[in-house]
Amino acid sequence: MRKTADGTYRYVLVLGAKVNGIQPSRALMHRIEAAAEYAKQYPHVELIASGGQGPDEGMAEARVIARELTARGIDAARIHIEAESTSTYENFLFSRPIWSGESGLTVVTNDFHVRRARLVGRLYFGLSTDALYARTPTATKLKYVVREQLAYVKLFINYMRWKWRP
């Protein structure tokens, strides 16, 4: 079910993606651009920049997101930073202290990833979500779509372990 964001939720979770040195990849840039446009349209929302720093990245994804959002005119006071996560599940988990108490939030990610990200929010955290569907660069779309299918398998295996743990 495609539920496009409409300003309903207070928090917008911008999921991290690859950083090249200290510059956002094209996939991450599309997420940032979508989040910035949305934040300008809905000035009441607060953004959560989420994503850690991989061994081949010069800066945490969340810090790059925050820097680029402020460069696009978004007030830094509206941006929360979660810079430890390394997966979609951890994006939600480590951002939970920020959005705690909310029944839902808006997720910003590339179009191929929205469905699974929203599923993580619902299954593990009981959240209602809507989304901003950032464009996926054409040159990398096939790779991401294949990888996403494998991630679904992992998601359901982990969920079953989590759900049935003693």
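Index from 1, following the sequence. Not measured: the values here are computed from a predicted model.
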Chemist: What's the shortest heavy-atom distance between Ala39 and Leu47, and which atoms?
Modeler: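 For Ala39 versus Leu47, the nearest heavy atoms are CB-CD1, 3.8 Å.
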Chemist: With sequence neighbours excluded, tell me which residues meet side chain to side chain contact (heavy atoms under 4.5 Å, CB included) with Arg10.
Modeler: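 Arg10 satisfies side chain to side chain contact (heavy atoms under 4.5 Å, CB included) with Glu46, Glu102 only.
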Chemist: Determine the minimum heavy-atom distance between Ala36 and Ile74, stating which atoms define it.
Modeler: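 Of all heavy-atom pairs spanning Ala36 and Ile74, the closest is O-CD1, 3.7 Å.
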Chemist: Does Asp6 have any side chain to side chain donor-acceptor pair (under 3.5 Å) partners at least two apart in sequence or in another chain, and if so, which?
Modeler: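 So Asp6 forms a side chain to side chain donor-acceptor pair (under 3.5 Å) with Thr8.
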Chemist: Please tabulate, for side-chain N and O atoms in residues 53-70, each donor-acceptor pair with protein atoms closer than 3.5 Å (sequence neighbours left out).
Modeler:
residue : atom : partner : partner atom : Å
Gln53   : NE2  : Glu57   : O            : 2.8
Asp56   : OD1  : Lys18   : NZ           : 3.3
Asp56   : OD2  : Lys18   : NZ           : 2.6
Glu57   : OE1  : Gly54   : N            : 2.6
Glu57   : OE2  : Val19   : N            : 2.8
Glu61   : OE1  : Ala17   : N            : 3.4
Arg67   : NH1  : Ile22   : O            : 3.1
Arg67   : NH2  : Ile22   : O            : 2.8
Glu68   : OE1  : Arg72   : NH1          : 2.9
Thr70   : OG1  : Ala66   : O            : 3.2
Thr70   : OG1  : Arg67   : O            : 2.8

Chemist: Go through the structure and list residues passing side chain to side chain donor-acceptor pair (under 3.5 Å) with Asn91, not counting sequence neighbours.
Modeler: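 So Asn91 forms a side chain to side chain donor-acceptor pair (under 3.5 Å) with Ser50, Ser85.
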Chemist: Could you note down all residue pairs passing ring-ring contact (aromatic ring centres under 6.0 Å, His included) where residues 57-89 supplies at least one of them, sequence neighbours left out?
Modeler: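 Matches after skipping sequence neighbours: Tyr11-His80, Tyr89-Tyr124, Tyr89-Phe125.
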Chemist: Hey, are the side chains of Asp130 and Tyr9 touching, using non-hydrogen atoms and a 4.5 Å cut-off?
Modeler: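 They are in contact (side-chain heavy atoms under 4.5 Å apart), so the answer is yes.
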Chemist: Can you name the residues that form a side chain to side chain donor-acceptor pair (under 3.5 Å) with Thr129, not counting sequence neighbours?
Modeler: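 Testing Thr129 for side chain to side chain donor-acceptor pair (under 3.5 Å), a comparison that skips the adjacent residues, returns Arg118.
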Chemist: Could you tell me which non-hydrogen atom of Leu93 sits nearest to which non-hydrogen atom of Pro97, and how far apart they are?
Modeler: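 Shortest heavy-atom contact: O-CD, 3.9 Å.
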Chemist: Do Val12 and Val108 have side chains that get closer than 4.5 Å, going by heavy atoms?
Modeler: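 Yes, at least one pair of side-chain atoms sits under 4.5 Å.
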Chemist: Quick one: ring-ring contact (aromatic ring centres under 6.0 Å, His included) pairs with a partner in residues 13-41, sequence neighbours left out?
Modeler: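 For residues 13-41, and leaving out neighbouring residues, the ring-ring contact (aromatic ring centres under 6.0 Å, His included) pairs sorted by first residue read Tyr38-Tyr42.
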Chemist: Got a sec, which residues hit side chain to side chain contact (heavy atoms under 4.5 Å, CB included) with Glu84, two or more places apart in sequence or on another chain?
Modeler: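 Partners of Glu84 by the side chain to side chain contact (heavy atoms under 4.5 Å, CB included) criterion, ordered by chain and then number, come out as Glu82, Phe94.
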Chemist: Identify the heavy atoms of Met29 and Pro24 that sit nearest to each other, and give their distance.
Modeler: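 Closest approach of Met29 to Pro24, heavy atoms only: CE-CG, 3.2 Å.
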Chemist: Please enumerate all residues that pass side chain to side chain contact (heavy atoms under 4.5 Å, CB included) together with Thr86, with sequence neighbours excluded.
Modeler: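 Thr86 satisfies side chain to side chain contact (heavy atoms under 4.5 Å, CB included) with Glu90 only.
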